[in-house]
Novice: 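Below: one structure in structure tokens.
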Amino acid sequence: MRTIKALYGAVALCGGLLLSACGGGGGEAAVGETLSSSGGSVANEMPSSREQAARFLAQATFGPTEADIDRVMAIGYGAWIDEQLGLPAASHLAAWESANAAIKATNPSSSAGQDQVLESFWRQAVTGPDQLRQRMAFALSQIFVISMQDSAVGDNPRAVAAWLDMLGSQGLGKYRDLLETVSRHPLMGQYLSHLRNQKADPKTGRVPDENYAREVMQLFSIGLVELNADGSARSDGSKPLETYGPADIAGLAKVFTGWSWACPDWPDNNCFFWGSVSGNSDPDRSFKAMLGYPQYHSTEEKRFLGTAIPAQSTSDPQGSLRVALDTLAAHPNVGPFIGKQLIQRLVTSNPSPQYVAAVAAAFKGSGGDMKAMLRAVLMHPEARAASATAGKLREPVLKLSAYLRAFPHASDTGNWRVGNTDSSGSALGQSPLRSPSVFNFYRPGYVPPGTESAVAGLAVPEMQITHETSVAGYVNYMRDNVAQGVGQWNSGPNRRDIQPDFSAELALADQPAALVDRVVTRLMPAGAPAALKAEIVGAIDKIVIPALKSNGSNQKQVDDAKRARVNAAIFLAVVSPEFQVQP
């Protein structure tokens with residue numbers, strides 16, 4: 001990842017934001033195992049070093065911890081994956097409901113909201129044992145996108161918590177089942193406007209809403225162009241072959257007519273429009289699968305992607321949907337299209353065609369099993385190998401989670417009140433489940449113009465939300481996080497909710513080299529260049545710790561100076577390019 005690391009260093013450091021670090025750093029740690037000469041698709045089962053175990057965990061969790069590194073070293077990659085997938089799933093819905101009950105107990109007129117969804121996310125990201133499931137759910141939330149920035153979604157935070165649970169369960173099952181659950185989920189139905197979608201009416205000129213029909217192909221299944229198994233575009237010799245056209249969208253849109261709320265009085269018309277009849281509704285309708293209402297479903301012939309559903313004498317929304325989703329799930333694009341995006345979310349922004357092909361083959365060979373795809377992503381030799389183009393830029397959420405997991409942190413309230421971090425000027429510029437559109441925070445193929453990466457033909461998706469404002473905002477945000485703690489202010493203890501325990505680091509404050517070595521090892525356990533360590537040592541060595549007076553009268557000054565050294569060491573490490581790039 002040398003090219004991308006250099007690029008990010010230029011953005012993050014050369015603006016004078018970090019001392020005189022421009023041009024510092026130097027070499028890249030040798031943290032990878034080379035690909036086998038046979039070109040096999042499975043990496044060595046056991047890590048060759050703690051650095052290798054940490055690199056794997058940076059891909060599979062929200063940040064390596066010493067305990068997790070010990071576990072991977074003891075049992076190996078595959079066994080760790082099996083162990084993780086066997087853990088019970090944490091429930092974000094249960095957490096949200098518990099928070100809602102606590103809020104109402106104090107103030108019956110109040111209720112939980114979006115903050116409580118974010119609190120559950122961060123609690124599990126930082127402390128949850130089922131790290132792989134939660135990391136996979138976060139990755140899928142950026143492929144199958146709904147956003148709380150949209151009021152139809154944001155006003156239903158309980159359903160958003162259930163959506164996150166769904167991604168953690170269905171996201172590890174069969175892709176075909178995941179696609180149906182996503183398509184019938186009322187949050188998606190509201191977000192992409194196919195809930196209450198009605199068949200054509202020649203008298204009024206009404207035609208079915210095409211929004212979901214377009215996006216389910218473009219974003220959730222097959223993409224815009226036909227793909228080879230290795231993810232490369234198929235061509236007619238002059239241009240890529242498109243996967244679908246306007247006629248396919250129009251035909252598929254007819255399938256997504258007649259779908260609306262789960263309702264006790266289905267298929268009553270009031271159920272279709274309002275989800276209730278005479279006040280009788282399903283309390284879980286905001287996340288129960290939508291039902292097909294025959295009277296609003298198109299009976300016309302439906303043609304798309306080379307498939308034809310004949311005109312129906314009796315409306316059959318379930319049958320139409322089954323044929324449509326079977327067609328999408330069986331399309332040869334699904335494996336390379338979804339597989340490459342998972343590689344980009346977890347491992348590297350620029351996987352080789354061989355890597356993509358191996359992941360697609362595992363998906364196909366397993367009958368569309370998402371666990372098989374995930375295992376292939378994490379176990380391919382390329383995921384373990386270091387190279388000039390390996391790795392990825394950490395997105396903002398993953399930078400914060402890695403920091404919170406690197407050092408012991410505790411929430412005063414137990415709620416992990418990180419809060420909304422949308423602001424690029426004063427926070428992360430990214431909040432989970434709050435992307436600006438269905439196209440996520442950034443495009444998977446984004447190449448930052450006018451950069452070394454563009455010259456090299458490398459995608460750096462996360463650079464789409466990296467700019468002068470967001471870089472400065474992150475630096476200031478992390479300065480405050482290290483110095484004051486993370487999250488929203490608590491009125492009780494009068495401090496930020498999430499507080500660090502830097503006691504081990506404070507014990508080394510009078511030994512700059514040892515302090516920096518510990519800090520860097522915690523934050524970059526997969527390896528960091530000696531030049532970075534030396535630069536941080538030089539910076540904190542300038543912070544003078546006064547000698548303690550015999551009567552102890554200056555103890556506070558001594559303690560403050562030690563904490564200033566610790567703060568500086570951690571701060572300079574978390575804003576360095578070496579931390580912000582996942583190797």
Side-chain angles (χ1 to χ4, degrees), residues 114 117 137 140-157 159-164 166-167 170-171 175-200 206-224 243-246 248-262 272-273 275 285-293 296-298 302 304-305 317-318 320-321 324-325 327-329 331 334 337-338 341 432-444:
Q114 290 191 27
V117 176
L140 291 174
S141 76
Q142 297 188 71
I143 299 174
F144 301 90
V145 174
I146 60 168
S147 174
M148 291 192 291
Q149 288 203 32
D150 183 278
S151 60
V153 176
D155 291 345
N156 287 283
V160 177
W163 172 270
L164 200 49
M166 178 275 292
L167 292 178
Q170 299 281 49
Y175 168 81
R176 168 63 176 78
D177 296 336
L178 171 63
L179 187 62
E180 177 160 355
T181 304
V182 165
S183 299
R184 293 181 61 186
H185 200 290
L187 277 187
M188 183 61 78
Q190 293 176 91
Y191 189 52
L192 291 184
S193 59
H194 62 293
L195 185 146
R196 292 187 295 234
N197 190 11
Q198 298 182 56
K199 62 185 177 182
R206 183 183 65 213
V207 295
D209 186 298
E210 296 182 349
N211 199 20
Y212 187 72
R214 179 176 53 254
E215 306 306 353
V216 72
M217 291 190 288
Q218 179 179 350
L219 302 175
F220 305 160
S221 60
I222 63 176
L224 292 171
T243 51
Y244 61 88
D248 297 296
I249 296 172
L252 192 56
K254 297 173 186 176
V255 172
F256 295 108
T257 55
W259 293 93
S260 193
W261 305 107
F272 179 83
F273 286 107
R285 69 178 187 178
S286 63
F287 57 86
K288 275 192 175 180
M290 292 189 292
L291 299 177
Y293 287 73
Y296 296 104
H297 180 69
S298 173
K302 307 169 181 70
F304 50 89
L305 301 177
Q318 290 83 1
S320 296
L321 184 69
L325 297 185
T327 300
L328 288 172
H331 196 287
V334 173
F337 181 70
I338 299 296
Q341 289 188 73
L433 297 161
R434 284 186 54 83
S435 72
S437 76
V438 72
F439 297 99
N440 190 36
F441 299 97
Y442 44 81
R443 301 193 307 272

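Along the sequence shown, residues are numbered consecutively beginning with 1. This structure is a prediction, so every number in the text was calculated from the model and none was measured.
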Novice: Tell me yes or no: between the side chains of Y296 and T257, is some donor less than 3.5 Å from an acceptor?
Specialist: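 Not at all, the side chains of Y296 and T257 share no donor-acceptor pair under 3.5 Å.
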Novice: What closest approach, in Å, do L164 and A137 show between heavy atoms, and which atom pair accounts for it?
Specialist: O-CB, 4.2 Å
Novice: With a 4.5 Å cut-off on side-chain heavy atoms, are Q170 and V182 touching?
Specialist: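 No, too far: nothing below the 4.5 Å cut-off.
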Novice: Rounded to the nearest 0.5 Å, what separates atom NE2 in H185 from atom CZ in F144?
Specialist: 13.0 Å
Novice: With sequence neighbours left out, which residue pairs that include part of residues 211-223 fulfil the salt bridge (Lys or Arg N to Asp or Glu O under 4.0 Å) condition?
Specialist: none
Novice: Go through L179 and V216 one step at a time and tell me if the side-chain contact (heavy atoms from CB on, under 4.5 Å) criterion holds.
Specialist: CA-CA 9 Å; L179 187 62; V216 72; 3.9 Å; yes
Novice: Between H331 and S221, is there a side-chain donor-acceptor contact under 3.5 Å, judged purely by atom types and distance?
Specialist: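 Distance-only check fails for S221 and H331.
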Novice: Check the angle between the aromatic planes of F220 and Y212 and answer parallel, tilted or perpendicular using the 30° and 60° thresholds.
Specialist: tilted
Novice: Considering all heavy atoms of both residues, which atom of P186 and which atom of S286 are nearest to each other, and what is their separation?
Specialist: CG-O, 3.1 Å
Novice: Answer yes or no: is there a side-chain heavy-atom contact under 4.5 Å between K302 and L252?
Specialist: no
Novice: Side-chain contact test, heavy atoms from C-beta onward, threshold under 4.5 Å: evaluate it for W261 versus L195 and give yes or no.
Specialist: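 Yes. Closest side-chain heavy atoms under 4.5 Å.
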Novice: For the pair R184 (side chain) and M290 (backbone), establish whether a donor and an acceptor sit closer than 3.5 Å, ignoring hydrogens and angles.
Specialist: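 Yes, because the side chain of R184 sits within donor-acceptor range (under 3.5 Å) of the backbone of M290.
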Novice: Would you kindly say whether S193 and D209 are connected by a side-chain donor-acceptor distance under 3.5 Å?
Specialist: yes
Novice: Can you find a pair of side-chain heavy atoms, one from N156 and one from F287, that are under 4.5 Å apart?
Specialist: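 N156 vs F287: side chains apart.
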Novice: If you look at every heavy atom in A262 and A289, which pair is closest and at what distance?
Specialist: CB-O, 3.7 Å
Novice: Without swapping roles, check the side chain of T243 against the backbone of G223 for a donor-acceptor pair under 3.5 Å.
Specialist: yes
Novice: Give, for atom OG of S260 and atom NE2 of H297, the distance between the pair rounded to the nearest 0.5 Å.
Specialist: 14.5 Å
Novice: To the nearest 0.5 Å, how far apart are CG in L325 and OG in S320?
Specialist: 10.5 Å
Novice: Do Y442 and S435 have side chains that approach each other closer than 4.5 Å (heavy atoms only, starting at C-beta)?
Specialist: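 Not in contact.
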Novice: Rounded to the nearest 0.5 Å, how far apart are NZ of K254 and CD1 of I249?
Specialist: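 Answer for the NZ-CD1 pair, K254 versus I249, is 13.5 Å.
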Novice: Atom CG in L187, atom CD1 in I146: separation rounded to 0.5 Å?
Specialist: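 Rounded to the nearest 0.5 Å, the CG-CD1 separation comes to 4.5 Å.
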Novice: Given F304 and Y244, is the ring pair (Phe, Tyr, Trp, His ring centres under 6.0 Å) satisfied, shown in steps?
Specialist: CA-CA 8 Å; F304 50 89; Y244 61 88; over 10 Å; no
Novice: For the residue pair P208 and A253, what are the closest heavy atoms and their distance?
Specialist: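 Scanning both residues completely, I find the closest heavy atoms to be CB-O, 3.9 Å.
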Novice: Locate the shortest heavy-atom distance separating V255 from A324; write the atom from each residue and the value.
Specialist: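 Nearest heavy atoms, V255 then A324: CG1-CB, 3.8 Å.
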Novice: Do the side-chain N and O atoms of Q190 and R196 include a donor-acceptor pair separated by under 3.5 angstrom?
Specialist: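 Not at all, the side chains of Q190 and R196 share no donor-acceptor pair under 3.5 Å.
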Novice: Do Q142 and N440 get their side chains close enough for a donor-acceptor pair, meaning under 3.5 Å?
Specialist: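 Yes, a side-chain donor-acceptor pair sits under 3.5 Å.
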Novice: Looking at A152, is its backbone amide N or carbonyl O close enough to the side chain of D155 to form a donor-acceptor pair, meaning the two atoms are under 3.5 Å apart?
Specialist: no
Novice: If you take all heavy atoms of P436 and F441, which pair is closest and at what distance?
Specialist: CD-CD2, 3.8 Å
Novice: Assess the pair W259 and H194: is the distance between their ring centroids shorter than 6.0 Å?
Specialist: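 For W259 and H194, the ring centres are not under 6.0 Å apart.
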Novice: Nearest 0.5 Å, please: how far is CG in D150 from CE in M148?
Specialist: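 The distance works out to 11.5 Å.
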Novice: Would you say V334 and I222 make side-chain contact, with heavy atoms under 4.5 Å?
Specialist: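 The answer is yes; the side chains approach within 4.5 Å.
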Novice: With the side chain counted from C-beta on, respond yes when L433 and W163 share a heavy-atom pair under 4.5 Å apart, and no when they do not.
Specialist: yes
Novice: Below 4.5 Å, heavy atoms only, C-beta onward: do V438 and S147 meet side chain to side chain?
Specialist: no
